[in-house]
Amino acid sequence: MKNNYQDLVYECTRKIPRGKVCTYGIIADFLGLGSARMVGWALNKSFQMDPPVPAHRVVNRKGELSGRNHFADPTMMQTLLEEEGIKVKQDKVMQLEAILWRPQIEDFD
DNA sequence: TAGTTGACGACGG
DNA sequence: TCCGTCGCCAACT
């Protein structure tokens, strides 16, 4: 079911293309959650989901990997991003503006 | 039932 | 430009 905000967050996160990232604020704003912390809350529990949610593609507005400590290994988030071709330096994505993805209404029907 | 927590962001000094 | 404070609100204890 997808009646709660968590499922909306998961669905939105799964739409993020490989090699792109999104921010908590953008997702919160797009879904009308009002608070970016809500997105963090949802993603905190996303590891239990099937299929998995690419939570590593969500960063804070400065591009920092603020959620890395919630992965099994704090370096996993960086590793996953680098495997997708995203440059990460000092726990922060490089050229954030260039790889930033924004959800579109038509993506969700 | 009520208080606390939290992967954030906006704003003011 | 940088840093500290506050608001947001669902989930947890």
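Lettering follows sequence order; numbering is per chain, from 1. Model, not experiment: these values are computed from the prediction.
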Here's a test of your reading of the structure: between A:Lys62 and A:Met38, which maps to the more 5' nucleotide of DNA chain B?
A:Met38

With rounding to the nearest 0.5 Å, note down the distance linking CE in A:Met77 to CG in A:Asn69.
10.0 Å

For the backbone of A:Leu65 and the side chain of A:Arg68, can you confirm whether one donor and one acceptor N or O come within less than 3.5 Å of each other?
yes

In whole Å, I'd like the distance from the OH atom of A:Tyr10 to the C1' atom of B:dA7.
12 Å

Counting only Watson-Crick or G-U wobble pairs whose two distances fall under 3.5 Å, which nucleotide matches B:dA7?
none

For atom CG of A:Leu43 and atom P of B:dA7, their distance in whole Å
11 Å

A:Arg37 side chain near B:dT5 phosphate (N/O to OP1/OP2, under 4.0 Å)
no

Taking every heavy atom of A:His70 against every heavy atom of A:Asn44, the minimum-distance pair comes out as ND1-OD1, 3.1 Å

Nearest whole Å is fine: how far is C:dT13 P from A:Trp41 CH2?
8 Å

Once you round it to whole Å, what is the distance between C1' of C:dC8 and CD1 of A:Ile27?
17 Å

Looking across every strand, which nucleic acid part, if any, lies under 4.0 Å from A:Asn44 by heavy atom: base, sugar-phosphate, or nothing?
base

Roughly how many Å is it from CG in A:Leu80 to P in B:dA7, rounded to a whole number?
19 Å

Please tell me if A:Lys45 has a side-chain N or O lying less than 4.0 Å from either OP1 or OP2 of C:dC12.
yes

Taking only Lys NZ, Arg NE, NH1 and NH2, and the carboxylate oxygens of Asp or Glu, determine whether A:Lys20 and A:Glu84 approach each other closer than 4.0 Å.
no

B:dC8 OP1/OP2 closer than 4.0 Å to side-chain N/O of A:Ser66:
yes

Roughly how many Å is it from CG in A:Leu33 to P in C:dA11, rounded to a whole number?
11 Å

Distance check needed: C:dC2 C1' versus A:Glu64 CD, whole Å only.
13 Å

Separation of B:dG9 atom C1' from A:Leu31 atom CG, nearest Å, is 16 Å

Take A:Gln6 and A:Ser35, find for each the nucleotide of DNA chain C with the closest heavy atom, and name the residue whose nucleotide sits nearer the 5' end.
A:Ser35

Across the strands shown, which category fits A:Ala55 at heavy-atom distances under 4.0 angstrom: base, sugar-phosphate, nothing?
base

Would you say the rings of A:Tyr5 and A:Tyr10 are close, in the sense that their centroids are separated by under 6.0 Å?
no

